[in-house]
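Beneath this line is the structure, given in structure tokens, with notes to follow.
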Amino acid sequence: MRRSALVRGLLYLGLLLLTVFYLLPLWGALTTSLKTDAEVDTTNPLSFPQRPTFEPYGAAFSYLRRPLLNSLLITLGGTLGSVALGAMCGYVLANFRFKYDNLVFLLITVGIFLPFQAILIPLFQTIRSLGLYDSVLGLILAHTAYGIPMCTLMFRVFYGELPSSLVKQALTDGSGPWRTYLKVVLPSTKIATVTVLIFQFTSIWNELLFGLVIGGPRSMPATVALNNLAGTLAAQWNVQMAGSMLLAIPVLLLYIFLGRYLIRGYMAGSVTAT
Amino acid sequence: MARLSGWFTRHPLWVLVIPLGLVAYFVYGGLLWNFWVSVSDWRGLVPSYSFRGFDHYARLFSDPVFWTSLKNTAILFFTIPLCILLGLGVAVLLDQGLLGSTVFRNLYLLPFALSFVVTGTIWAWMYNPTSGIINTLLRSIGLGALQGTWHTSQRTVMGSIILALVWQFSGYAALVLLAGIRSVPEVQIKAAMLEGASKFRIYRKIVFPQLRGAIATTIVVVMMYALRSFDFIWVLTGGGPGYASHTLPIMMYKEAFQATRFAYGSAIASVLLVLVLLILVPYLYRTYRRGK
Amino acid sequence: MAEVKVADLRVTYNRGRTVAADDVSFEVTDGEFCILLGPSGCGKTTVLHSIAGLIRPDRGEVRIGDQVVTSVEGGVYVRPQDRNVAMVFQEYALYPNLTVWGNLAFPLEARGMRKAEVRKKVSEVAELLGITELLKRRPAQLSGGQRQRVALGRALVRDPSVFLLDEPLGNLDAKLRVQVRFELKRIQKQLKATMIYVTHDQTEAMTMGDRIVLMKDGKLVQVGPPRELYEEPRNLFVAGFVGMPPINLLHCTVVSSADGLLLDAGEIKLPAPETKREKLSPGMRLVVGIRPADIAWEGEGIPLEVALEGVEPMGDSVIVHGSLGSIGLTAKWALPEIQESDRVKFVLNPEKLHLFDPGSGARI
Ligand SMILES: Nc1ncnc2c1ncn2[C@@H]1O[C@H](COP(=O)(O)OP(=O)(O)OP(=O)(O)O)[C@@H](O)[C@H]1O
Ligand SMILES: [Mg+2]
């Protein structure tokens with residue numbers, strides 16, 4: 001239905017105001033991250049720097065280089081681990097009926113809502129006794145284990161959307177469950193796999209608590225390092241904002257180029273209620 | 001592969017052993033272990049499991065910091081209605097069929113994708129009393145009188161946290177609610193329009209009542225974030241000033257990993273767990289029954 | 001009530017790639033029961049929605065009463081809610097969150113009617129449609145037929161200038177269908193309502209309509225009273241679409257003989273109808289249509305001895321399938337019974353033959 005130009009104009013004004021609300025902090029962080037120390041103190045935080053400089057990025061990067069690498073390793077490992085194991089659970093739970101299958105699913109999904117504080121001390125102890133304290137491997141293990149519930153839920157939702165006749169057909173044709181998975185299910189759910197991979201990647205990349213508790217100086221992920229940076233260099237906002245940007249860049253890139261999948265992941269993650 | 005395949009054919013469920021084992025150990029084993037710690041006398045870095053009974057719980061209920069944390073955890077719940085109201089408004093605006101609506105939706109959702117550490121750092125700078133955006137903006141539009149010390153003042157710290165969380169979550173609420181609005185069949189809207197209902201009436205009488213599922217989802221998700229709201233607060237305020245922005249997760253972390261009072265920390269964690277379960281059980285029960 | 005006039009309507013979807021209606025013009029007079037008939041996907045819903053204003057056409061004009069409500073050329077577009085039309089949607093469009101009562105009351109409340117009056121109206125309509133016991137239920141707790149009646153009720157509670165009904169009986173079982181059909185017709189007469197009724201069921205069209213607008217592939221094929229479509233189908237499509245059981249079609253060649261022109265279909269040779277004679281010439285190819293009801297079992301005409309293939313008793317009549325060599329013929333007789341035998345006599349009346357051009361399908 002067509003509206004008057006006035007109404008349309010007002011609606012667009014609303015959309016623009018909201019855009020300012022949601023993006024203003026990020027815009028401010030970006031401009032500040034490109035300013036020199038002197039300019040940070042003297043200019044309006046939202047103004048674009050007169051002479052953009054990458055010095056803050058240099059400073060932040062020299063501090064965050066190792067942690068960023070750690071984060072990358074932890075995120076890749078944790079993502080692959082949790083997605084692979086979650087995919088198996090999701091596949092079995094979506095396609096095979098067995099005793100207590102619903103209960104198993106329920107018990108796994110509880111893990112999604114788990115307040116991590118409630119398992120933090122046992123996790124800390126377990127990792128310590130495995131000799132994995134302050135190691136990338138320990139963090140990968142933790143993220144794998146606690147990522148399984150969400151991955152299971154998402155895969156069960158996505159695999160459940162496949163026509164069940166597809167799997168049944170393959171199984172009655174004599175293809176075993178494993179073969180069916182590799183030859184039928186996996187190829188026809190590529191988007192689902194990408195969705196879960198991206199979702200897990202961003203969640204693990206963004207996470208702080210595990211890094212704080214079972215990471216140490218050697219295995220510190222970038223989230224912990226950025227927080228420490230903020231603590232040590234309280235006044236240097238340009239460096240802090242540059243660090244924030246460095247941490248945000250991988251997620252921003254994923255969001256810009258594969259946002260569709262990420263959004264699908266957010267929707268699937270909330271599917272239990274609807 | 002061939003041998004694995006044959007084995008899996010005979011025992012399809014065995015493939016679940018590793019993931020289920022991990023979940024069983026790390027989630028359920030962890031919860032039990034945590035409870036066990038909470039009734040022990042473990043202090044300091046060396047574990048000790050002598051039975052102390054429920055002393056720590058008793059101490060907890062007479063600890064003013066606990067009550068402050070509990071109160072703040074509850075205050076955080078204000079994030080939920082705010083997110084839903086703002087999200088609903090945004091979703092309705094995005095539903096007007098304007099060109100570029102999807103682009104706007106994605107822009108509003110952007111903060112939700114970012115790490116709490118990033119947003120926490122950015123908001124710390126936004127709220128900075130001297131050079132932060134908020135005070136600068138207030139000054140520049142002549143509302144200098146409204147300048148505040150935001151997250152560094154006892155009075156305003158929780159409000160500041162909630163504002164930032166609403167900023168970060170409301171785009172998500174809008175996403176879920178918009179999907180809910182869009183799932184109302186168009187023909188119902190057409191019929192209502194034909195029957196002379198105003199736009200406002202159509203939303204109020206036909207569309208909004210059908211959003212129950214979407215609103216439930218938003219409530220649960222935002223609530224779970226609020227209950228687990230560690231990262232953001234830790235980065236923005238560290239629980240301060242004083243105890244003013246302590247929540248149960250913050251208190252637990254500080255007690256266990258900074259003060260190394262592990263038994264006391266795990267008692268706090270157990271209380272937090274019970275709170276989460278109180279909210280979660282009815283919700284999961286519904287889902288579970290539907291699954292059956 | 002009001003008359004409706006549609007002129008030169010054209011509607012496209014997918015930015016012009018799908019033409020759903022083109023060159024559609026027809027008139028519905030005040031108080032008329034007009035049927036929009038055609039096979040699935042021919043654009044019936046599209047035309048109906050254009051009248052309601054739910055679709056903006058690419059071209060054309062719609063008039064309700066003396067008001068132009070849509071005129072693409074004249075730049076006129078009246079919003080659907082201001083057209084005072086009531087519609088039953090093909091998909092029901094019941095509001096799932098409201099009870100049956102709430103659904104029926106919705107159009108009245110939306111227009112700000114007083115509570116007491118709403119109550120009165122709703123119970124009247126519920127009574128009329130026999131859904132009074134269902135008023136407290138929600139749509140999800142209703143059967144398909146019950147939902148359809150609620151949808152119908154939601155149109156009937158209003159006092160519109162025109163009723164637009166999109167296959168409103170599609171999901172009712174046979175018995176209920178006949179009953180509601182009858183009710184609907186009675187209500188229409190009583191209210192002297194203008195109704196435009198969409199269906200793809202030709203029986204429904206023939207029994208209910210004052211006039212039929214027959215569509216195919218987005219275009220009008222023929223407009224007229226049911227009898228006219230039945231007796232003078234404009235082309236092969238109309239002949240085939242209207243009438244149950246379907247018309248018999250024979251491919252013939254015109255040949256001349258001592259008795260004049262004959263229509264030669266191989267095993268059957270029929271004398272050409274007197275009235276059409278001057279339009280025919282030897283060597284011409286034709287399609288001859290014979291209505292099953294025009295095949296008698298006795299009396300004047302051309303008798304054919306056919307092999308009996310099967311008999312379908314319909315209660316008050318029988319449908320007889322016979323064959324003559326490779327040609328199959330179907331007759332409909334008002335005879336309650338037919339003797340079992342393997343041969344039977346079909347009597348054709350040459351003046352009741354329909355002739356069509358095999359290329360264009362047009363009536364000759
Ligand atoms: N929203 C749409 N977008 C694109 N094409 C459409 C749309 N609606 C209808 N069409 C197409 O337009 C044509 C006419 O559709 P319409 O719904 O008017 O048919 P109909 O006669 O009502 O059919 P039915 O008897 O099945 O309801 C069809 O080919 C259909 O595929
Ligand atoms: Mg239709």
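Highest contact tally toward chain B, considering only A/P149, A/A145, A/S203, A/P115, is held by A/P115 [criterion: heavy-atom pairs under 4.5 Å]. Residue with the most contacts toward chain A among B/V37, B/T119, B/T121: B/T121 (heavy-atom pairs, distance under 4.5 Å). Chain A forms more heavy-atom pairs under 4.5 Å with one residue of B/L93, B/T218, B/L94, B/L107 than with any other, namely B/L93. When B/L32, B/L277, B/V276 are compared by the number of non-hydrogen pairs under 4.5 Å with chain A, B/V276 comes out ahead. No other option in A/L15, A/T152, A/V104 has as many heavy-atom pairs under 4.5 Å with chain B as A/L15. Looking only at heavy-atom pairs under 4.5 Å with chain B, the residue among A/I108, A/L120, A/D101 that has the most is A/L120. Comparing B/A179, B/P111, B/S140, B/A269 by heavy-atom pairs within less than 4.5 Å of chain A, the highest count is held by B/A269. The most heavy-atom pairs under 4.5 Å with chain B, out of A/T19, A/L226, A/L18, come from A/L18. When each of A/L26, A/T144, A/T180 is scored by its heavy-atom pairs under 4.5 Å with chain B, the top score falls to A/L26. Contact count versus chain A (heavy atoms, under 4.5 Å) is highest, among B/I134, B/V271, B/V235, for B/V235. For the set B/A256, B/G89, B/A124, the entry with the most heavy-atom pairs within less than 4.5 Å of chain A is B/A124.
Here A/F116 and B/F230 keep their ring centres 6.0 angstrom or further from each other. The distance between the ring centers of A/F96 and A/Y91 falls below 6.0 angstrom.
Each side chain to side chain donor-acceptor pair (under 3.5 Å) pair with one or both residues in residues 104-116 of chain B, not counting sequence neighbours, would appear here, but there are none.
In this structure, chain A has no heavy atom under 4.5 Å from any part of B/I279. Using a 4.5 Å cut-off between heavy atoms, B/F257 contacts chain A through its side chain alone, with no backbone atom that close. Of the two parts of B/L137, only the side chain, counted from C-beta on, holds a non-hydrogen atom closer than 4.5 Å to a non-hydrogen atom of chain A. For B/A113, the parts sitting under 4.5 Å from any heavy atom of chain A are the backbone and the side chain alike. For A/M88, the parts lying under 4.5 angstrom from a heavy atom of chain B are both the backbone and the side chain.
Here A/L17 contributes atom CG and A/L24 contributes atom CG; the two are 11.5 Å apart, rounded to the nearest 0.5 Å.
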Requested in this report: Determine, step by step, whether B/V221 and A/Y266 satisfy the side-chain contact (heavy atoms from CB on, under 4.5 Å) criterion, reporting the C-alpha distance in whole Å, the side-chain angles of both residues, the deciding distance to 0.1 Å, and the verdict.
Outcome: CA-CA 10 Å; B/V221 171; A/Y266 294 152; over 6 Å; no
Report task. Given side-chain contact (heavy atoms from CB on, under 4.5 Å), test A/L209 with A/Q117 step by step and report yes or no. Result -> CA-CA 9 Å; A/L209 187 60; A/Q117 274 71 17; 3.6 Å; yes
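Between A/Y133 and A/F124, the ring planes are perpendicular. Angles over 60° get that label, and only those under 30° would be called parallel. Using cut-offs of 30° and 60° on the angle between ring planes, the pair A/W237 and B/W125 is tilted. Between A/Y12 and B/F104, the ring planes lie tilted relative to each other; the angle falls in the 30° to 60° range. The aromatic rings of B/W123 and B/Y127 lie tilted to each other, with the angle between the two planes from 30° to 60°.
A donor-acceptor contact shorter than 3.5 Å links the side chain of B/W167 to the backbone of A/F21.
Scored by the side-chain hydrogen bond (donor to acceptor under 3.5 Å, both in side chains) test, A/Y22 finds B/S170 as partners (sequence neighbours excluded).
Heavy atoms from other residues, nucleotides or ligands lying under 6.0 Å from CZ of A/R260 number 12 at most.
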Side-chain donor-acceptor contacts of residues 18-30 of chain B below 3.5 Å, not counting sequence neighbours, with atom names and distances?
from	atom 1	to	atom 2	distance (Å)
B/Y25	OH	A/T126	OG1	2.9
B/Y28	OH	A/L107	O	2.6

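Chain B is approached within less than 4.5 Å, heavy atom to heavy atom, by A/L247, A/A248, A/V251, A/L252 from residues 245-253 of chain A, ordered by number.
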